[in-house]
Trainee: 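Below is a structure I'd like to ask you about.
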Amino acid sequence: DGDGTGGGDEDLQAGGTMTLAMTSDVEDAFDPQKEYYQVSWGIYRCCLLRTLVSYAGVPTDEGGADLVPDIAEDLPEVSDDGLTWTFRLREGLMFGPPYQDTPITAQSFINAMEREANPDVGAGYPFYYSIIEGFDEFSAGDADTISGMTAVDDLTLEIKITGPFADLGFRMAMPAAAPIPDGADEGHEEDYGRFLVPSGPYMFEGSDQLEKGGDTPVAGYEPGKSIVLVRNPSWDPNSDDIREAYIDRFEIEIGGTAEDVFNKIDANELDLHLDGVPPPQLIRKFEQNPDRKDQVFVNSADGTRYLSFNLAAPPFDDIHVRKAANLVLDKDGMRRIRGGPLVGDIAGHIIPSSLLGEQLADYDPYATPNSQGDVDAAKEEMKQSKYDSDGDGLCDHESCKGTIGIQDEAFPYSDQNALLLDNFGAIGIELDIKSGERSNFMYARCQDPGAEWAICLGPGWGKDYADATTFGEPLFGSSAIGPDSCCNYALVGAPPDLLEEHGYDVTEVPSIDAKAKECDETPVGDERNTCWAEFDQELMENIVPWVPYLFDNDVFVHSDRLQNYKYDQFSGQPAMDHMALAGGGAAT
């Protein structure tokens, strides 16, 4: 289909229970300051949380990348110098249970930012908010408040920033910026997600049974098992121009195999999946059935699939080994295992060209015939490495025997392992692949510089919002190195003391912080796109932290009874707030 919609001509009725599935849990138990995962972001936007400004939950060509007012009554007012942003809130909005008597005020957003800045929380992306005056000082314990955030009155929030950054609105649309009632997070630095106070049309089942200040978590989210969302009685549909919220109840299974999930969708026992890739045979089955082909949806995800090197771990601390790996990988084979051209385009660089004004559309410094790898070229590159002592194009250092790779255990990653072993073996690297659950094993280890690994084999990255900066600091900034931040797995720019702390022999790795700062401060437009294109080229040619292999498409299939499918370009997830069930979910 490709347009991301499921029509819209149906006679949509409210009501019913939609059943969904995830093969892996969210990353941080629904803590909005910590979660940095597209599935949780999709559930926040559609259902649990409102922000000052947000998105309509539709594809880009329908305006899905454009900010729209949400809790704010209009888009912000920005001063002539670009340094002061003023948001005016809608009047009369209330939090959900157990804070249903508490209004959402300007202070509620300051609470959220203070929590994002609190180092005890271990937030997922505080670097995005360092542009707010006083944010870093508050985080360091040098100030009692964030000086750049002022509640002028209950319905007026003023934010002062350190430079004319044009994208503050996008940053305030991320889940970490959703409002928090006074005191609701006290004592829950580690587990606020299970005591989450909703502001959207839904809440976790049992939220109305929570006690303020209590320590018994909500019943509607059992980590690793299930998620149940029900209607939030505090939500006023007349105040929300974004969310239609047809469904009464969402029941989400967690766990199982991708095959199990998609067999249940095929049998109409489940309505929709939120993660994983549909098996190619199921996609073909749906597309070849005239009655079901309109239940397959393909959208550009503004994302990249890649292998990430650990720049401090041998043999990948040598740039020639990293370049050889780029040349030897059969990218087309990786894509075929995922499902073929339907799942995306071959990637020759890091940032999707859609975020660069298509400036690097034809750029690929490691192009190989038919994107299937070039062993001879890879061996020529390996010969320049210190790890090829006899110059035969094969890595013969002990670090190339049992080189630890961290992998996702789910489809299609498990099926890619044989190809990876073969490709890397062709240049003398014998991978020892350790596989486990996506969030709590693979991503947790890959973002821990103290874990023993040399290459992360299963990551993917989608934009946080429609700007190339979201492929900058989060992936390659020195402030985004874990385990308490995310997601610079490659350790680009890691300081010497961190390398020493974790026992690495290397004392220095390349940094790209200065170029990222330059691009961040460049005004929106062609000049900004050019700066980020140069950033991408510097990474690909002189640092080489990744093997990018796919510019990702999101592929979803759904049951016969689901209506009005929409794709949320912001989160890269189905927009659950727009969908309905045939007959309102009534039995037929």
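Keep in mind the model is a prediction, meaning the values are calculated, not measured.
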Trainee: Please confirm whether the ring centroid of F297 lies under 6.0 Å from the ring centroid of Y565.
Mentor: yes
Trainee: I need the full list of side-chain hydrogen bond (donor to acceptor under 3.5 Å, both in side chains) pairs touching residues 365-375, with sequence neighbours left out, sorted by first then second residue.
Mentor: none
Trainee: Residues two or more places apart in sequence or in another chain: which of them pass ring-ring contact (aromatic ring centres under 6.0 Å, His included) with F127?
Mentor: none
Trainee: Going by an N to O cut-off under 4.0 Å, is there a salt bridge joining R445 and D448?
Mentor: no
Trainee: Sequence neighbours left out, what passes disulfide bond (SG atoms under 2.5 Å apart) with C486? Give chain and number order.
Mentor: none
Trainee: Residues two or more places apart in sequence or in another chain: which of them pass disulfide bond (SG atoms under 2.5 Å apart) with C395?
Mentor: C400
Trainee: Output all residues satisfying side-chain contact (heavy atoms from CB on, under 4.5 Å) with D560, sequence neighbours left out; order by chain, then residue number.
Mentor: N268, R292, Q295
Trainee: Using the rule side chain to side chain contact (heavy atoms under 4.5 Å, CB included), only one of D271, L12, N564 pairs with L581; which is it?
Mentor: D271
Trainee: Under 3.5 Å, is there a donor on one side chain and an acceptor on the other for S40 and E35?
Mentor: yes
Trainee: Take V509 and V492 through the test side chain to side chain contact (heavy atoms under 4.5 Å, CB included) and record every step on the way to the result.
Mentor: CA-CA 6 Å; V509 293; V492 178; over 6 Å; no
Trainee: Evaluate salt bridge (charged side-chain N to carboxylate O under 4.0 Å, His left out) for R528 paired with D467, printing each intermediate quantity in order.
Mentor: CA-CA 10 Å; R528 184 178 180 90; D467 190 281; 2.9 Å; yes
Trainee: Taking only residues two or more places apart in sequence, or in another chain, which ones meet A245 in a side-chain contact (heavy atoms from CB on, under 4.5 Å)?
Mentor: P201, Y202, R231, W235
Trainee: Show the atom names and distances, to 0.1 Å, of all donor-acceptor pairs under 3.5 Å that link a side chain in residues 170-178 to residues at least two apart or in another chain.
Mentor:
residue, atom, partner, partner atom, Å
R171, NE, D167, OD1, 3.2
R171, NE, D167, OD2, 3.4
R171, NE, Y465, OH, 3.4
R171, NH1, Y128, O, 2.7
R171, NH2, D167, OD1, 3.3
R171, NH2, D167, OD2, 3.1

Trainee: Can you tell me how the ring of Y306 sits relative to the ring of Y489, calling it parallel under 30°, perpendicular over 60° and tilted otherwise?
Mentor: parallel
Trainee: Does the plane of the ring in F316 sit parallel, tilted or perpendicular to the ring in F424? Use 30° and 60° as the thresholds.
Mentor: perpendicular
Trainee: When H273 is tested against each of V261, L20, I252, T23 for side chain to side chain contact (heavy atoms under 4.5 Å, CB included), which residue passes?
Mentor: V261
Trainee: By side-chain contact (heavy atoms from CB on, under 4.5 Å), which residues pair with I319, not counting sequence neighbours?
Mentor: R322, K323, V544
Trainee: Could you check whether F476 and W546 have their ring centres less than 6.0 Å apart?
Mentor: yes
Trainee: Not counting sequence neighbours, which residues clear ring-ring contact (aromatic ring centres under 6.0 Å, His included) with F570? List them please.
Mentor: W41, Y55
Trainee: For the residue pair Y246 and D577, confirm or rule out a side-chain donor-acceptor distance under 3.5 Å.
Mentor: no
Trainee: Who are the disulfide bond (SG atoms under 2.5 Å apart) partners of C531, not counting sequence neighbours?
Mentor: C519
Trainee: Taking ring-ring contact (aromatic ring centres under 6.0 Å, His included) as the cut-off, I'd like each qualifying pair that reaches into residues 335-357, sequence neighbours left out, listed once.
Mentor: H349-Y363, H349-F551
Trainee: side-chain hydrogen bond (donor to acceptor under 3.5 Å, both in side chains) with D28: which residues, sequence neighbours excluded?
Mentor: none
